[in-house]
Every structure is written in C-alpha cells, then in structure tokens.
Colleague: 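Quick one: this structure, given as structure tokens, is what I'll be asking you about.
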Amino acid sequence: MMFCVTYGVAQVTGRIEYPYSENYYGYYVSAMENKGLLVEKFANKADDGKRIFKIEFFSTDMKKVMEDSSFVDKKADLYDNFYNDGINYTILSQKDGGFSFHAFDVLTKKTTVTDGEFTRKTAMRDYVISNGLMAFSSTLKKIERIGIIDLKTGKNSFTDVHIDGVKDKNVYILENAVIGNVVYSLVKAGRDIYLARIDTNGKLLGYNNLTKDYTQNIICASISKAGDKYFLTGTYSVKGDSPQGVYFAELDNWQFKFVNFHNFLDLKNFTEYMSDKGKAKIERRKAKAEKKGEEYTLNYNMTSHNILSDGKNYFYLGEAYYPVYHPLMMATGMNCMTSTVFDGYEYTHAVLVKFNDKGEILWDECFPMHPRKKPFFVKRFISAGFKDNNVNLIFADGKRLVSKLFLNSTGGVLQERKADVQDTDDEAEEVKRVRDSNTEYWYGNNFLVYGNQVVKNNTTGERRKVVYINKYTIK
C-alpha cells in the first residue's frame with residue numbers, strides 16, 4: 001500500500017465581496033452543497049417596526065443567480081440556517097420569543113415562510129429537519145414536549161412525554177431524529193434511556209426502555225438507519241455524568257439487540273493530541289488503576305455523527321472537544337469579584353472506528369483537527385462519505401484545508417492532502433487584517449472561507465474594509 005501525503009496552497013477559485021460600509025449587517029452564509037450558496041443579511045435601517053431581510057443566491061462559480069427581499073420584525077435575528085435535500089432552511093427568532101421558518105427552494109428559487117406562533121409559549125431546542133418536517137424539543141410547565149412542524153403546510157402538533165413511574169421533572173429529551181415518516185426521540189428518564197416513536201400527526205406510537213439491564217450511564221445518543229437496520233451510538237460513563245467512552249448498539253424490535261461499550265483509552269492514539277504532561281498524568285493513573293484491578297476512565301466530550309455503512313460493516317465518527325473559560329475580575333467598591341466567562345468549545349481531535357455487524361471494533365484511528373474558531377455551541381466540522389469504498393473525510397484544520405482517505409480494510413491513511421489558505425489571489429493586493437473568519441466545507445474538494453478583511457492595494461496604497469466570501473479548491 002502506498003501512502004501519499006501532498007502539501008500545497010488551496011487556490012482561490014471564486015470570491016464575493018461587499019463593501020463594509022454597505023447598509024446591511026449579518027452576511028450569513030449557507031453552503032448548499034453543489035447547488036450553490038445563499039447569503040442572508042438584514043438592513044441596518046428599520047421603519048415602522050420592520051426591516052428588510054435580503055437573500056442572495058449564488059451558483060458554485062460565485063455568480064449571482066437571483067435575490068429577494070422581505071420585511072421582518074426589526075428585532076428579528078438569524079437563529080440558524082442549514083441545507084437539506086434541495087431546501088435551505090433559515091430560522092429567524094422574533095422579539096416575542098417566537099420563531100419564523102424561511103424555506104428557500106433551490107429549484108423554484110422561491111421562499112416559503114411558516115410562522116411559528118406556537119413557539120412563543122415555549123423554548124425550542126434540539127431541532128432537526130428532514131423531508132420537509134421539523135422536530136424539536138421543548139419544555140412547558142416542567143413537562144417535556146416534542147414539537148413537529150410540516151414546513152410545507154405550516155401544520156404543527158405537540159406530544160407531551162410522560163414516562164410511567166418517573167416524575168416529569170426527571171424526564172429530559174436528549175435528541176430527535178426524523179427517519180421516514182416517524183420522529184424518534186431519545187429520552188432520559190432518571191438514569192435510563194427510552195426510545196419514543198411519534199408519527200407526523202403527533203401520535204405516540206410507543207416508547208421502550210433501552211438501558212434497564214445495563215449499569216453504564218448513557219450521556220448522549222444518536223439514532224440512525226443503515227439499510228434496514230437501526231443503530232444507536234454516542235458516549236457513556238461508568239460513573240458520573242462526563243463521557244468516558246463510546247458505544248455502538250443495534251436495535252431489534254426497539255430494544256438493544258446488542259450494545260458494546262469502548263473506553264476512550266482503548267482507542268488507538270486517543271491521548272496523542274494532548275500535552276506531554278497530560279499524557280504522562282493519564283498513564284500514571286491508568287497504571288495505578290490496573291494494579292488495583294480497576295479500569296481507569298478519562299472524561300472527554302465527543303459529538304457523534306450518524307453511522308456510515310458500506311453495506312457490510314459500520315463506521316463511527318466522533319469529534320472531541322472541551323469547553324474553554326477565562327477569568328473575569330470585577331471591582332465593586334472596595335471588593336473584587338472573580339467570575340468565569342465561557343469562550344467556546346475547543347476541538348482537539350477526531351475518532352474514526354470501524355465495527356462489524358456484532359459491534360466489535362475492526363480498527364480505529366485518531367487524528368488532529370483544530371477549527372480556526374471556537375463555536376459557542378456543539379457542532380460537527382467534518383464531512384464524511386465514501387470514495388471508491390474507502391472512507392473520505394474533509395475538514396479544516398487551523399489555516400489548512402485537509403482531505404484524508406482511509407483504507408476500508410485496515411484504516412490506514414491511503415491519501416492525505418493538505419492545503420494552506422491564501423488570503424487573496426490578487427498579487428497586487430495584500431490582506432492587512434482579518435476578523436471573524438469562518439471556514440466551512442462546501443462540496444467536492446471545495447471550501448468557503450468568509451469574514452471581514454482590510455485589503456491594501458500595493459500599487460495605489462488604497463485600503464478598503466470588506467465583507468468577503470472566498471471559494472477555495474484543493475487541487
């Protein structure tokens with residue numbers, strides 16, 4: 001097997017630029033795979049309690065295809081946007097606590113708006129959109145609820161979640177998934193995990209206790225379907241509430257057919273991307289635990305992707321991260337108070353594991369990944385798929401764009417391409433300052449890098465402050 005690593009410079013193959021003094025703010029970018037990209041922004045000026053919300057649709061060669069505008073509440077803000085199956089969904093938060101949902105169809109170039117009036121009475125979280133349906137969790141009067149919205153018709157329903165023998169205050173919805181025409185919700189009730197199934201009309205089809213026969217504590221869970229089989233994966237702990245390993249389970253008749261738990265420290269090179277001091281400390285504690293006949297566990301956060309399948313075996317991908325804080329000192333009269341401020345989540349490395357149909361590990365690999373920015377919410381940065389039956393991962397690592405191809409049979413890296421990001425492709429110009437820079441995978445070997453720049457023309461000496469969106473291609 002030949003292992004090939006190539007280094008180069010990612011070429012700027014397209015650029016969109018707006019003058020920073022333009023009368024808009026936001027410039028939210030939504031990558032729509034190989035269909036194009038959407039830029040969304042708000043007008044600075046508001047009249048009669050309304051302001052303009054503008055969208056611009058661009059092709060993959062960064063040419064503007066169309067634009068459209070609508071009036072929204074002047075205090076509206078973009079809560080989130082993402083692309084799914086030909087539709088770009090934008091969620092706007094309203095000043096009264098409600099939400100509105102804007103669905104842009106890439107084929108018709110038209111936007112459908114659904115007013116989420118019912119969300120004004122409750123907080124929306126853990127939402128997922130698939131096949132035009134949106135499922136989300138909420139809490140109303142200490143009762144957990146699953147909301148379902150048909151984004152095509154605006155029809156909505158709520159299902160209250162009650163678990164027999166468990167007080168409502170001890171029930172919490174961990175995650176939702178829409179598979180086919182059924183919403184699957186993973187519910188933590190006491191120390192157990194239940195799987196609830198709800199149809200698109202909000203009717204509860206049933207729920208099952210998945211973990212009654214297990215002592216491990218499920219921290220997070222994600223359900224996915226590969227072929228005609230359903231799988232559950234995520235993180236668990238032996239004690240406490242911090243993740244200490246990953247698990248892989250198959251469901252049969254909505255119960256565990258099998259579940260295998262794997263300590264983080266049993267994964268190859270899991271601690272490789274920690275400091276030397278941190279690794280030495282872990283090895284000392286691990287050896288001490290082994291002398292006592294105990295298993296040492298390491299607490300580490302992991303966000304899990306949906307299970308991938310090549311038709312025979314299964315692949316788990318997780319991204320490891322930890323929260324970062326800094327101290328803040330405040331003087332109040334003669335006293336000084338210290339508090340901590342959340343700086344976001346620092347991502348350190350990722351784990352790729354291949355399982356057979358019995359949940360046994362065939363191979364595992366860990367590799368570093370360091371996004372340029374620390375997000376304030378947990379997200380997934382890696383795009384995963386198959387290329388010639390091998391596992392292909394594409395992601396940003398610092399200022400580099402990375403493509404890694406893992407050999408299906410052994411997990412060895414068959415090919416790795418790394419490309420440094422240039423700030424501009426114009427030799428006559430120089431970027432003097434970059435702010436709020438974001439890197440996002442787009443499609444194929446293409447990425448989007450966007451934010452604010454101060455650009456200097458070396459010929460004229462002129463400087464300009466711009467909002468920019470660059471398309472980079474790994475050659």
Side-chain angles (χ1 to χ4, degrees), residues 79-82 84 89-94 96-101 114-151 154-164 166-211 217-225 230 232-235 241 243 254 301 303-306 375-380:
Y79 183 78
D80 199 3
N81 61 359
F82 56 94
N84 176 257
Y89 297 96
T90 300
I91 304 174
L92 299 185
S93 60
Q94 310 293 336
D96 57 3
F99 294 88
S100 62
F101 309 93
T114 302
D115 181 33
E117 181 179 356
F118 49 88
T119 61
R120 292 176 174 83
K121 299 179 181 179
T122 183
M124 183 178 67
R125 66 176 197 275
D126 303 326
Y127 58 87
V128 61
I129 292 178
S130 180
N131 300 323
L133 291 176
M134 178 178 185
F136 62 94
S137 309
S138 63
T139 306
L140 182 65
K141 297 181 179 179
K142 298 183 179 180
I143 296 175
E144 288 291 280
R145 315 178 82 199
I146 300 166
I148 301 174
I149 309 170
D150 187 327
L151 294 174
K155 180 181 177 182
N156 62 83
S157 63
F158 279 96
T159 302
D160 291 344
V161 179
H162 304 282
I163 303 297
D164 292 341
V166 181
K167 294 182 179 179
D168 287 337
K169 67 178 182 179
N170 295 325
V171 175
Y172 188 79
I173 301 170
L174 291 177
E175 187 167 335
N176 300 301
V178 179
I179 303 176
N181 291 316
V182 177
V183 176
Y184 298 87
S185 294
L186 292 152
V187 182
K188 190 172 183 66
R191 66 164 303 279
D192 287 321
I193 298 294
Y194 287 75
L195 176 64
R197 293 168 287 119
I198 303 100
D199 69 15
T200 56
N201 295 315
K203 179 182 177 182
L204 181 65
L205 302 176
Y207 62 85
N208 301 80
N209 188 338
L210 299 176
T211 57
N217 180 30
I218 298 296
I219 303 298
C220 71
S222 176
I223 187 172
S224 56
K225 186 179 182 182
Y230 290 84
L232 202 68
T233 187
T235 58
D241 295 322
W254 311 121
N301 294 316
T303 181
S304 303
H305 290 245
N306 287 337
F376 283 85
F377 57 92
V378 176
K379 64 180 294 185
R380 302 179 184 99

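What you see is a predicted model, and the numbers here were worked out from it, not measured in a lab.
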Colleague: Given 3.5 Å as the limit, does a donor-acceptor pair link the side chain of Asn176 with the main chain of Asp126, or not?
Modeller: yes

Colleague: Rounded to the nearest 0.5 Å, what's the gap from CG on Leu205 to OG1 on Thr159? Could you check?
Modeller: 9.0 Å

Colleague: Would you indicate whether the side-chain heavy atoms of Ser185 and Val183 approach each other to under 4.5 Å?
Modeller: yes

Colleague: Say you draw a straight line from CG of Asn181 to CD1 of Ile198; how long is it, rounded to the nearest 0.5 Å?
Modeller: 13.5 Å

Colleague: Asn209: which residues meet the side-chain hydrogen bond (donor to acceptor under 3.5 Å, both in side chains) condition with it, sequence neighbours left out?
Modeller: Asp192, Tyr194

Colleague: Which residues pass the side-chain hydrogen bond (donor to acceptor under 3.5 Å, both in side chains) test with Ser304, sequence neighbours left out?
Modeller: Tyr316

Colleague: Go through the structure and list residues passing ring-ring contact (aromatic ring centres under 6.0 Å, His included) with Phe376, not counting sequence neighbours.
Modeller: Phe342

Colleague: Would you say Ser138 and Phe158 make side-chain contact, with heavy atoms under 4.5 Å?
Modeller: yes

Colleague: How close do Val171 and Ala189 get, counting heavy atoms only, and between which atoms?
Modeller: CG2-CB, 4.3 Å

Colleague: side-chain contact (heavy atoms from CB on, under 4.5 Å) with Lys379: which residues, sequence neighbours excluded?
Modeller: Tyr347, Pro375, Phe377, Phe381

Colleague: Report yes or no: do Asp80 and Tyr89 form a side-chain donor-acceptor pair below 3.5 Å?
Modeller: no

Colleague: With a 4.5 Å cut-off on side-chain heavy atoms, are Ser222 and Glu175 touching?
Modeller: yes

Colleague: Give, for atom CD1 of Ile223 and atom OG1 of Thr233, the distance between the pair rounded to the nearest 0.5 Å.
Modeller: 11.5 Å

Colleague: Hey, mind stepping through Tyr79 and Phe99 against ring pair (Phe, Tyr, Trp, His ring centres under 6.0 Å) and telling me if it holds?
Modeller: CA-CA 9 Å; Tyr79 183 78; Phe99 294 88; 4.9 Å; yes

Colleague: Using side chain to side chain contact (heavy atoms under 4.5 Å, CB included), reason through Phe82 and Ile129 one step at a time and then give a plain yes or no.
Modeller: CA-CA 9 Å; Phe82 56 94; Ile129 292 178; 3.2 Å; yes

Colleague: With sequence neighbours left out, what residues match Tyr230 under side-chain hydrogen bond (donor to acceptor under 3.5 Å, both in side chains)?
Modeller: Tyr184

Colleague: Measuring only between side-chain heavy atoms, which start at C-beta, is Thr200 closer than 4.5 Å to Asp150?
Modeller: no

Colleague: For Asn84 and Ser130, test the side chains for any donor-to-acceptor distance below 3.5 angstrom and give the result as yes or no.
Modeller: no

Colleague: Is the shortest side-chain heavy-atom distance between Asn201 and Lys155 below 4.5 Å?
Modeller: yes

Colleague: Would you indicate whether the side-chain heavy atoms of Val161 and Ile143 approach each other to under 4.5 Å?
Modeller: no

Colleague: Between Glu144 and Tyr172, does a side chain to side chain contact (heavy atoms under 4.5 Å, CB included) hold up when you go through it step by step?
Modeller: CA-CA 6 Å; Glu144 288 291 280; Tyr172 188 79; 3.8 Å; yes

Colleague: About how many Å separate CG of Leu204 and NE2 of His162, when rounded to the nearest 0.5 Å?
Modeller: 10.0 Å

Colleague: Contact between Leu174 and Val187 at the side-chain level, heavy atoms closer than 4.5 Å - yes or no?
Modeller: no

Colleague: Looking only at non-hydrogen atoms, find the nearest pair between Gly190 and Val166 and report the distance.
Modeller: N-CG1, 4.1 Å

Colleague: Rounded to the nearest 0.5 Å, what separates atom CZ in Arg145 from atom CG in Asp160?
Modeller: 5.0 Å

Colleague: How many angstroms lie between atom CZ of Arg125 and atom CZ of Phe136, to the nearest 0.5 angstrom?
Modeller: 10.5 Å

Colleague: Excluding sequence neighbours, so at least two apart, what forms side-chain contact (heavy atoms from CB on, under 4.5 Å) with Asn217?
Modeller: Lys188, Ile219, Ser237, Asp241

Colleague: Less than 4.5 Å apart, side chain to side chain, heavy atoms only: is that true for Val178 and Met134?
Modeller: no

